[in-house]
**Q** 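Before I ask anything, here is the structure I am working with.
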Protein chains: 2
Amino acid sequence: MTKKHASIHDVARAVGVHPSTVSRVLNARTRHLVSPSVAARVTAAARRLGYTPDQVAAGLRTRRSSTVGVLIPDLANPLFPPIVRGIESVLTEAGYTAIIANTDNAAARAREALERFAARRVDGLVLAGVVRRDPLLPRLRALGVPTVLVNRTVDAGGIPAVVNDDAAGSALAVDHLLALGHAFIGHVAGPQRLSTGAARRAGFLAAIKAAGRAVRESAVAVARSYETGAGAQAGRTLLDAHPRLTAIVAANDLLALGCYDELARRGLACPRDVSVVGFNDMPFADRFSPPLTTVHIPHRLIGVEAARLLLEAIAHPETPAREIRVAPELVVRGSTARPPRGRR
Amino acid sequence: MTKKHASIHDVARAVGVHPSTVSRVLNARTRHLVSPSVAARVTAAARRLGYTPDQVAAGLRTRRSSTVGVLIPDLANPLFPPIVRGIESVLTEAGYTAIIANTDNAAARAREALERFAARRVDGLVLAGVVRRDPLLPRLRALGVPTVLVNRTVDAGGIPAVVNDDAAGSALAVDHLLALGHAFIGHVAGPQRLSTGAARRAGFLAAIKAAGRAVRESAVAVARSYETGAGAQAGRTLLDAHPRLTAIVAANDLLALGCYDELARRGLACPRDVSVVGFNDMPFADRFSPPLTTVHIPHRLIGVEAARLLLEAIAHPETPAREIRVAPELVVRGSTARPPRGRR
DNA sequence: ATCGTCCCTGCAAACGATTGCAGAACCCCG
DNA sequence: CGGGGTTCTGCAATCGTTTGCAGGGACGAT
């Protein structure tokens, strides 16, 4: 906005009509109120002057910023870009602009970002990184802005959310390993304060049980974060406790990668000695060594659904919250195989 | 902005002063104009009412949106998130909000995004995906918004830019291979309409020449895009023409991955038969098989510098454009080794 | 006591749009 | 020719801030 953008007044003056007439012409919804001839002259003048409506000014009057805030933990985490693109694609389509902020999983950063969003009077909010008992919740209520959760959800409920069906994903992984003949499967769980960590863990245990196997709580080691180092750490705990383990379901591809590391450290080969299944199917998971068998999550779709839900919530603020659960798929690659002989 | 946000008027009424006084109190720059006692009462009331300034309304008056548009080809390309984060971190620090749009390398999408940015009256622009002779250039001039290029630049010059020193990067790769004893090195170049593709190619040839080796134009195959498929294709062309090639410098990690594929297809092993060097050091390049030796580019830093340059350009629109070139580093991993015997 | 200064505060006009209301012009019909 | 109804356009207020200008009051100096 450095140059002298032409305003609605400039156009009005050029045509010799009142600014309000110009406004009416330029808004599809009100164009029918003005005569075709005047409308034509206005459009012509607008084009000639290179008029671009000032969406911000319009928003001031209409009290709609046509803007939504998207809060994610870390854009550099390959999990999120597809979600964001999904969100963005339907939002732009609908005339909204997404503004995104990273929290780095810090509550303080999240608060600040939320304040910035509030200052911009966003029409809606998408939160991708909530924890199960999120401290932001009261603030959200206070803000009174339509909100949808994506990827992770909260325990409390009451907020629309779009998440992966994590329990189903865990079951996919477990059943695959079971089918291969593994008798003793461990789980490297994600942080339990995150809904994904908890749900995948619960799903894992449920799947084991559903198969009629003994459920040993000790067969799950919880990682402190979704990072390779934490995965290696948890993998070590697990293998120390259960040397006869032949397969691991990791709650996340990065944790799976950590398991790779720990297996290598022990001189064990994947998948020959121990099979590993990841979760997410992050980009280039097929390029790892070995290529990672993992639970594929349709991230872009999740983003798309979230944005749709948000638009719905903006249009009809009183509709009750609903949760959409999208189905994951198992992608079998090179990190899973039959268990070593004598260990079935 | 669904709920009834308290406005400056509400605060004014609560305290019994004029709105303008409230405004003055709330702006650090003008606070000294009002008496400390009144100021205290205003701040108290503002806090009590949960007042949040409406940045949009303020921007309308001040003609500054405190917003900058960031145009990138594709957020899902692992190259860009670090750049965006770098940009965002310094921009938020400075009180600006970044809004990002993806172009998918389509000129039409870029145009639309630019229009949306214009409608939002962005104070500045960061373009990460320009081509050497970019059709957007005239539009940018017309817009008259401070702009900086990042990652790629244009031939024309005249626009501030922050890019990697691609020639230096190519030289790093070539020298490394030369030092290992490779006598015949090929280049899988990136699209030549992109400055990175052109600069890396030129740098490659220059480095070969600088080493006193014969420069064969045929030792470079140009890929149609920065994607694995295109890399495999170009790799095939290269190896068909020069079966005795023992090393390849790829203009990009994805192209390098494509070379992996082509080598595998031919039953050649990397690095035993052919060494491969990538460019970018994308996330998890160390996890590929083999771990990729590649030219590391400090993407976040590039983003940071770009944002700084933009802030500078916004503050002093008349300062001449300058280009910042940041230095890359070679990261040696498992995809390079001495050439096979008898082929040095 | 008067005058000039300096603080502080209020007034009102922007910024660029949207929109309810009212009135002008026109048409049609009786 | 008059009355009623449409259709089109203008007027002015409004959204929430910022800011130049002016005026009121206090205070010190003469």
Side-chain angles (χ1 to χ4, degrees), chain A residues 1-42 45-46 49-67 95 118-123, chain B residues 1-42 45-46 49-67 95 118-123:
Chain A
M1 57 194 291
T2 315
K3 284 283 173 54
K4 59 293 159 158
H5 267 282
S7 87
I8 215 170
H9 287 92
D10 302 326
V11 178
R13 198 171 329 117
V15 182
V17 298
H18 193 269
S20 63
T21 303
V22 176
S23 168
R24 283 190 267 257
V25 172
L26 269 19
N27 275 35
R29 224 186 50 260
T30 48
R31 177 160 17 219
H32 68 277
L33 293 174
V34 11
S35 73
S37 73
V38 172
R41 280 161 53 215
V42 167
L49 299 182
Y51 169 77
T52 327
D54 184 326
Q55 196 162 156
V56 168
L60 179 59
R61 168 68 219 242
T62 58
R63 313 188 56 75
R64 298 185 331 120
S65 63
S66 298
T67 277
R120 295 232 177 254
R121 302 295 190 260
V122 294
D123 294 334
Chain B
M1 59 191 291
T2 316
K3 285 284 172 55
K4 61 289 161 160
H5 267 280
S7 88
I8 217 172
H9 286 92
D10 302 324
V11 178
R13 197 170 331 115
V15 181
V17 298
H18 194 269
S20 62
T21 303
V22 176
S23 169
R24 283 189 268 257
V25 172
L26 269 20
N27 275 34
R29 224 185 51 259
T30 48
R31 178 159 18 218
H32 69 275
L33 293 175
V34 12
S35 73
S37 73
V38 173
R41 281 163 51 215
V42 167
L49 297 181
Y51 170 77
T52 324
D54 185 327
Q55 195 161 156
V56 168
L60 179 59
R61 170 65 219 243
T62 59
R63 313 187 56 76
R64 298 184 330 119
S65 64
S66 298
T67 277
R120 293 237 183 262
R121 303 296 191 255
V122 294
D123 294 333

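What you see is a predicted model; the values in this text were computed from it and never measured. Throughout, a chain's letter reflects where its sequence line sits, starting with A, and its residues are numbered from 1.
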**Q** Looking at every heavy atom in both B/S66 and A/R120, which two are closest together, and how far apart are they?
**A**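 Scanning both residues completely, I find the closest heavy atoms to be O-NH2, 2.6 Å.
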**Q** Using whole Å, what does the distance between atom C1' of nucleotide C/dT19 and atom CG of A/L26 come to?
**A**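 Taking CG of A/L26 and C1' of C/dT19, I get 15 Å after rounding.
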**Q** With DNA chain C as reference, determine whether B/S37 or A/R61 sits nearer its 5' end, using the nearest nucleotide of each.
**A**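 This one resolves to B/S37.
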**Q** Please state how far atom CD in A/Q55 lies from atom C1' in C/dA17, giving the value in whole angstrom units.
**A**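 Nearest whole value for this atom pair: 12 Å.
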**Q** Tell me: CG of A/L33 to P of C/dG23, nearest whole Å?
**A**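 For the pair A/L33 CG and C/dG23 P, the rounded distance is 19 Å.
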**Q** Closest approach to the side chain of B/D54, judged atom by atom: which nucleotide of D/dT9, D/dT17, C/dT9 is it?
**A**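 My answer, after comparing the listed nucleotides, is D/dT17.
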**Q** Please answer whether the main-chain N or O of A/G59 pairs with a side-chain N or O of A/R64 as donor and acceptor at a distance below 3.5 Å.
**A**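 Flag not set: sc A/R64 to bb A/G59 has no pair under 3.5 Å.
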**Q** Search all heavy atoms of A/I8 against all heavy atoms of A/V22 and return the closest pair with its distance.
**A**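 Heavy atoms of A/I8 and A/V22 come nearest at CG1-CG1, 3.3 Å.
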**Q** To the nearest Å, how far apart are B/H9 NE2 and D/dA13 C1'?
**A**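 Atom-to-atom, B/H9 to D/dA13, this comes out as 13 Å.
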**Q** What closest approach, in Å, do A/V42 and A/V17 show between heavy atoms, and which atom pair accounts for it?
**A**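 Looking at all heavy atoms of both residues, the closest pair is CG2-CG2, 4.4 Å.
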**Q** Output the rounded distance in Å from CZ (A/R13) to P (C/dG16).
**A**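 So the CZ-P distance, A/R13 to C/dG16, works out to 11 Å.
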**Q** Which part of the nucleic acid does A/V38 contact within heavy-atom distance under 4.0 Å: base, sugar-phosphate only, or nothing?
**A**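 Answer is sugar-phosphate: A/V38 comes under 4.0 Å of backbone atoms only.
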**Q** Using every non-hydrogen atom in the two residues, find where B/A14 and B/A45 come nearest and quote the distance to one decimal.
**A**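 Distance-wise, the nearest heavy atoms are CB-CB, 4.4 Å.
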**Q** Output the distance between atom CG (B/D54) and atom CZ (A/R121), rounded to the nearest 0.5 Å.
**A**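 Output value for this atom pair is 4.0 Å.
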**Q** To the nearest Å, give me how far apart CZ (A/R63) and C1' (D/dC15) are.
**A**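 Going from CZ in A/R63 over to C1' in D/dC15 covers 7 Å.
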**Q** Of all residues at least two apart in sequence or in a different chain, which pass the side-chain contact (heavy atoms from CB on, under 4.5 Å) check with A/P53?
**A**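 Testing A/P53 for side-chain contact (heavy atoms from CB on, under 4.5 Å), a comparison that skips the adjacent residues, returns A/Y51.
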**Q** Could you pull out the closest heavy-atom pair between B/L60 and A/A57, with the gap in Å?
**A**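 So the minimum-distance heavy-atom pair works out to CD1-CB, 3.7 Å.
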**Q** To the nearest Å, give me how far apart CZ (A/R31) and C1' (D/dC8) are.
**A**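 It works out to 16 Å between those atoms.
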**Q** For a quick test of reading the model: is some side-chain N or O of A/T30 closer than 4.0 Å to OP1 or OP2 of C/dT19?
**A**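 For C/dT19, OP1/OP2 do not have a side-chain N/O of A/T30 under 4.0 Å.
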**Q** Just by distance, with hydrogens left out, do B/S20 and B/R24 show a side-chain donor and acceptor under 3.5 Å apart?
**A**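 Yes.
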**Q** Please enumerate all protein N or O atoms sitting under 3.5 Å from an N or O of nucleotides 22-24 of chain D, with distances to 0.1 Å.
**A**
none

**Q** Among residues 17-25 of chain A, which contact DNA chain C at a heavy-atom distance under 4.0 Å?
**A**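 Only A/S20, A/S23, A/R24 qualify.
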**Q** For B/N27 and C/dT9, give me the distance from atom CG to atom P, rounded to whole Å.
**A**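 So the two atoms are 16 Å apart, to the nearest Å.
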